[in-house]
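On a predicted model such as this, the values are computed, not experimentally measured, just so you know.
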Amino acid sequence: ISFNAIDSALSSLKNCQSYINSGMDVATQVALDLVESFNDEEYVNNMEKVMLEYATMDRELNHYIKAFEETINQVKREKPENLPDLENLAQEKFLEMESQNSDSDLQKNEKYMYFKDQLKEMKKQYHGNDTIEEIDEDIAVTRSQMNFICPITQMTMKRPVRNKVCGHTYEEDAILEMIQTQKQKKKNVRCPKMGCSHVDVKGSDLVPDEALKRVIDSQNKQ
């Protein structure tokens with residue numbers, strides 16, 4: 001049995017996934033632009049709907065790919081004399097997976113979670129300090145600028161990344177170099193933020209903090 005055509009089709013489907021991921025990245029950037037420029041809740045909510053539509057497509061595509069892969073593996077394993085109808089078999093598996101769908105699946109989509117997280121950070125950075133600033137603008141500015149400083153380099157961050165586990169931010173190159181150095185010594189990396197109890201910082205836990213980067217960039221322009 002030649003599975004080349006099926007492998008080629010699966011490869012095309014996986015390419016579609018990369019387009020969905022790119023679309024979600026663009027939608028995230030647009031939503032952050034909207035918060036930064038207009039803070040228009042309605043437009044931002046529309047971008048969230050777009051993200052959920054993308055997450056739905058991503059889930060469907062994942063199920064389709066998984067159904068076909070499982071079908072092919074089953075046929076290769078069982079080696080039946082007569083080749084079954086692969087399309088029907090895959091369709092059955094696909095429908096079974098789709099029947100177990102729930103809204104909470106979409107909320108757990110990694111790109112959607114990142115979107116929500118960055119949106120929250122952006123709103124906090126741009127619109128969360130109003131009451132503090134009324135009390136003492138200087139204190140508020142100093143406090144927010146302290147968040148711009150990398151705990152490793154002690155300099156303003158250019159490419160901040162945030163640790164998903166403890167929530168602290170670092171300069172990307174600095175934390176990755178620290179992780180690499182400790183890895184060679186076969187040691188874990190303690191979060192360099194003073195007072196943090198997190199003792200195992202991993203590269204996979206770091207995400208770009210786009211919201212903070214925008215605030216730092218806008219501060220630098222002033």
* To do: Give the C-alpha distance, both sets of side-chain angles, the deciding distance and a yes or no for side chain to side chain donor-acceptor pair (under 3.5 Å) between R214 and Q29.
  => CA-CA 11 Å; R214 283 166 180 252; Q29 294 297 328; 2.9 Å; yes
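- Here the side chain of E171 pairs a donor or acceptor atom with the backbone of K158 at under 3.5 angstrom.
- A pairwise comparison of heavy atoms in P192 and I152 identifies CG-CG1, 3.6 Å as the closest pair.
- Heavy atoms only, all atoms of each residue included: L212 and P160 are closest at CD2-CB, 3.9 Å.
- Between H63 and N101 the shortest side-chain heavy-atom distance falls below 4.5 Å.
- Side-chain contact between K116 and E48 is present, with heavy atoms from C-beta onward closer than 4.5 Å.
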* **F68/E70 under side-chain contact (heavy atoms from CB on, under 4.5 Å): CA gap, chis, key distance, verdict** => CA-CA 5 Å; F68 260 101; E70 282 182 8; over 6 Å; no
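- Under the 4.0 Å criterion applied to side-chain N and carboxylate O atoms, R59 and E110 are not assigned as salt-bridge partners.
- With contacts defined as side-chain heavy-atom distances shorter than 4.5 Å, the pair E210/M122 does not qualify.
- Residues L10 and I72 are in side-chain contact: their nearest non-hydrogen atoms beyond the backbone lie under 4.5 Å apart.
- Side chain of Y170 to backbone of N163: no donor-acceptor contact under 3.5 angstrom is found.
- Just one of I20, L106, D105 meets the side chain to side chain contact (heavy atoms under 4.5 Å, CB included) condition when paired with D58; it is I20.
- D117 places no side-chain N or O within 3.5 Å of a backbone atom of M113 that could act as its donor or acceptor partner.
- A donor-acceptor distance shorter than 3.5 angstrom exists from the side chain of Q118 to the backbone of A211, with no hydrogens or angles considered.
- A donor-acceptor contact shorter than 3.5 Å is absent between the side chain of S37 and the backbone of L34.
- Here the side chains of V161 and D209 are not in contact, with every heavy-atom distance at 4.5 Å or above.
- Atom CD1 in I175 sits 11.5 Å away from atom CG in D173 (nearest 0.5 Å).
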